[in-house]
Amino acid sequence: MKIKWSYNPLKKCRNYDITILLVVLTLTLSAGTYYHDVIPTGPYQFTYPANFGNRINVPEDNPTTKQGVYLGRMLFYEPRLSANNTLSCANCHKQQLAFTDNRSFSVGVDQVETTRNSMSLANLLWTRKFFWDGRAASLEEQAAVPLTNPHEMGQSLEASVKKLKAKPQYSALFKAVYGDNAITGERICKAIAQFERTLISANSRYDQYLRKAYQPTAEELKGMDLFNTGPQPEKGIRGANCAHCHGGVKTYMELFHNNGLDSIPKDNGIEAITGLPGDRGRFKVPTLRNIALTAPYMHDGRFKTLDEVLDHYSDHVRQSESLSTVFRGESNEIGGKTLMLLPQEKKEIIAFLNMLTDKDFITNPEFSDPRLHPTKK
Amino acid sequence: MKKQFIIAFIFIISLATSITVQAQTTATVKITGEVTTPLNLALADLHQFAQTVVVRKDKDGKDHTYSGVMLSDILQKAGVVMNRESLTKYLLVDASDGYQIIFALAELDKSFTDRVIILADTVDGKPLALGDGPFRIIVQDEKKPARCIKQVTSMKVLFAK
């Protein structure tokens, strides 16, 4: 009995406490080195085909490091960065959809829809103007907007900092990236930007064709030809002239055009920033990389399929004062007002567009949630 | 939460103000970079310079008469001195549709070439079409019209690094 009484449950508890305390202390002390041990560190080397060119856009004050990319990836998939802890960047930028969300407009923490379509995140390393209206000059600047917009993730950067501070692993990660463990809004955006720059799509069948590793079908080749050719009906040359704005191996030229969606647009695009009538209804000409995966299309997601998109450019371009000149009088028929492609030609162009789908890009574990797919050392 | 609303409110107000301010502006061309006096030229300012006429073919294959200001005159006004150092400088021209082209400064130097490059605002005596203007660069005698950049919004003098 005496022995039994000497067994004090409270005391035992205290022993547990001490053990837990010791474990926590050990973990905390080793946390800094722990992350150095498991995540790759050092300068990040971008890998891309030579024909992509080297006019890349990395701000001098945010050099890309392996640890920075890792932290950015953690944050990209971090729902604590949203006001109700349910949304991360990945909710509207899903890898399997080439980082889009299959919706015309996305739904934010307040259940209100965004005003424009979620953009694909591919080959941003070469991008210099961000958003549909090009208003942000860097990914760092861009990232802060969806994080804090009340109709997107809806949380101030200060609140995000507070939430991340409560998770000890972030303290160690920020230290590994920035040299000290201060967590700031600027550092959050910088890390996310670093990760986004690594999202390179360069192994579609089109890329394979360009490096002579894939022989396109006859339909794909015809589509490619139409894509790259401007129509000259008087010479009997048929074309869709897509490459005028979507040309080059990246199918992205950083242009902004009014492509005749409306005569009187609901969304004035760049005019809302510049106040210039020539900018009315003018939006970014997006990359066509993985375009078959990124429906619905246009800044307002009005077209559900590529067929609808081709029908628009072929037959339904709306006239207005600010309609870009490339859409004026370009036709496959002499005196025609629109492109007037044949149904077969539209199919061929879509066959080519499907060549731009990059399976490696949408399945690369390095771009996925690090909690599900840990980084290989 | 209340604080967030206040911040959001201030943000919206400042955004609205900036848009209103922008809405009152007219199209201009900004001249920046390696200059002593950055310029922001509206049509009226451009008309203060000596006007030069260039005749060249456009995409339609026909000759057109363009009138405007020599780029060298504009750069001089901005304080750009043409010297040995300017041989490693270039002018980056931006259009409102995102299109960009460059000229080496020597291409704009009268002591190097008689070929005239102007910032035009009229064609055949009329203002440029909305899709081309209000400002367009016209390069005399260049075979391709690709550097006759339309809807010019800015010109920046830079060093080759």
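Note that the structure is a prediction, hence the values are computed from the model and not measured. All chains are named by letter (A, B, ...) in the order of the sequence lines, taking the proteins before the strands, and each is independently numbered beginning at 1.
- In this structure, A:Tyr252 has its ring center no closer than 6.0 Å to that of A:Trp126.
- No option in B:Val54, B:Thr52, B:Val55 other than B:Val54 meets the side chain to side chain contact (heavy atoms under 4.5 Å, CB included) test with B:Ile138.
- Only the backbone of A:Glu254 comes within less than 4.5 Å of a heavy atom in chain B; its side chain stays farther off.
- With respect to the salt-bridge test (charged N to carboxylate O, under 4.0 angstrom), the residues B:Glu142 and B:Arg56 do not qualify.
- Of the N and O atoms on the side chains of A:Arg80 and A:Ser88, not one donor lies less than 3.5 Å from an acceptor on the other residue.
- Residues of residues 127-138 of chain A having a heavy atom under 4.5 Å from any heavy atom of chain B, listed by number: A:Lys129.
- A donor-acceptor contact shorter than 3.5 Å links the side chain of A:His246 to the backbone of A:Pro286.
- Contact annotation for A:Thr325: only side-chain heavy atoms (C-beta onward) come within less than 4.5 Å of a heavy atom of chain B.
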- Go through the steps for B:Phe135 and B:Gln151 under the test side chain to side chain contact (heavy atoms under 4.5 Å, CB included), then give the verdict. CA-CA 5 Å; B:Phe135 308 103; B:Gln151 299 186 308; over 6 Å; no
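- Here the shortest heavy-atom pairing between B:Val80 and B:Glu34 reads CG2-O, 3.9 Å.
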